[in-house]
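Here the structure is laid out as structure tokens; the discussion comes afterwards.
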Amino acid sequence: MAGDVRKTMVRSAVTLFRERGIAGTSLADIIEHSGAPRGSIYHHFPGGKNQLAAEATAWAGELMNRMIGKFDDPIELTRALFEFWRAELTKDIQTSCPIVAAALGAAESVDAYRAAGEVFGKWERTIADLLVKRGVSGERAVSAATLLITSIEGATVVARARQDIKALDRVEREMIRMLGHLLVDSA
């Protein structure tokens, strides 16, 4: 039961950070959203909001990394990632990536900021490993993985700011073209 409360608070934190950012989310907001008892934050997260934000960032990052790791084809992975964000932003154009929220919230949570850097590194390694398996050299694979991650994250930020998902469509087309050329050149 205590583990369920903890998990619920982490998931609620991720949801709220996606909507409001870390700075815009209070511990009271997380308690209310999760339905957790008032004293449970400091019971489960003695480090307070900083600890909760770091754990929420790591949890959300690992969830996405597992999804990324399920793909054998970099182009299918790219389509799936863009489709994921297209669906999320279609449901709520004000949503954002909780990892970006953590990366931008260094003043609010240094631990979440560090966790965001670790998450981006894991995603980069997972994508680069997939590209290497497809014949891309290690250095090019890492560069392409970084480009893919930053392109998706940037496109979601632009889509949110413009209240329009067209940026996702345009960036996806270019990423698929680039990856197609990269894979052909590496064959």
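Below, each value reflects all heavy atoms present in this structure, side chains not excepted, and no hydrogens, waters or symmetry copies. Numbers here are sequence positions counted from 1.
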Item to check | Reported CD1-to-CZ distance for the pair I31 and R38, which is rounded to 0.5 angstrom | outcome: 6.5 Å
Checklist entry - If you look only at pairs with a residue in residues 105-136, which of them pass as a ring-ring contact (aromatic ring centres under 6.0 Å, His included), with sequence neighbours excluded? => result F120-W123
Item to check | Side-chain donor/acceptor of T95 to backbone N/O of E19, under 3.5 Å | outcome: no
Item to check | Atom CD of E139 with >12 non-hydrogen neighbours under 6.0 angstrom | outcome: no
Checklist entry - Just by modelled atom types, is the N50 backbone N or O under 3.5 Å from a matching donor or acceptor in the D111 side chain? => result no
Without placing hydrogens or testing angles, list every side-chain donor-acceptor pair under 3.5 Å for residues 71-85, not counting sequence neighbours.
unit_1, atom_1, unit_2, atom_2, d
D73, OD1, I75, N, 2.8
T78, OG1, P74, O, 2.8
E83, OE1, R86, NH1, 2.8

Next on the checklist: Once rounded to the nearest 0.5 Å, what's the spacing between atom CZ of R125 and atom CG of L130?
Outcome noted: 15.0 Å
Next on the checklist: Given 3.5 Å as the limit, does a donor-acceptor pair link the side chain of R18 with the main chain of V14, or not?
Outcome noted: no
Checklist entry - Does D164 come within less than 4.0 Å of K166, counting only side-chain N to carboxylate O? => result yes
Checklist entry - What is the distance from atom CZ of R170 to atom CD1 of I165, rounded to the nearest 0.5 Å? => result 11.0 Å
Next on the checklist: Under the criterion side chain to side chain contact (heavy atoms under 4.5 Å, CB included), I'd like the reasoning laid out for R114 against V110: C-alpha separation, chi angles, the key distance, then a yes or no.
Outcome noted: CA-CA 6 Å; R114 287 184 185 126; V110 151; 3.1 Å; yes
Checklist entry - If you take all heavy atoms of I22 and A53, which pair is closest and at what distance? => result CD1-CB, 4.1 Å
Checklist entry - What pair of heavy atoms forms the shortest contact from S109 to A54, and how long is it? => result OG-N, 4.4 Å
Next on the checklist: Could you check whether any side-chain N or O of D29 sits under 3.5 Å from a backbone N or O of S26, counting only pairs where one atom can act as donor and the other as acceptor?
Outcome noted: yes
Next on the checklist: Using every non-hydrogen atom in the two residues, find where G138 and V132 come nearest and quote the distance to one decimal.
Outcome noted: CA-CG2, 4.0 Å
Checklist entry - Does the side chain of Q94 come within less than 4.5 Å of Q163's, by heavy atoms? => result yes
Table please: side-chain donor-acceptor pairs of residues 174-187 below 3.5 Å, with sequence neighbours left out.
unit_1, atom_1, unit_2, atom_2, d
E174, OE2, R177, NH1, 2.3
S186, OG, L182, O, 2.8

Checklist entry - For the side chain of R20 and the backbone of T25, is there at least one donor-acceptor N/O pair under 3.5 Å apart? => result no
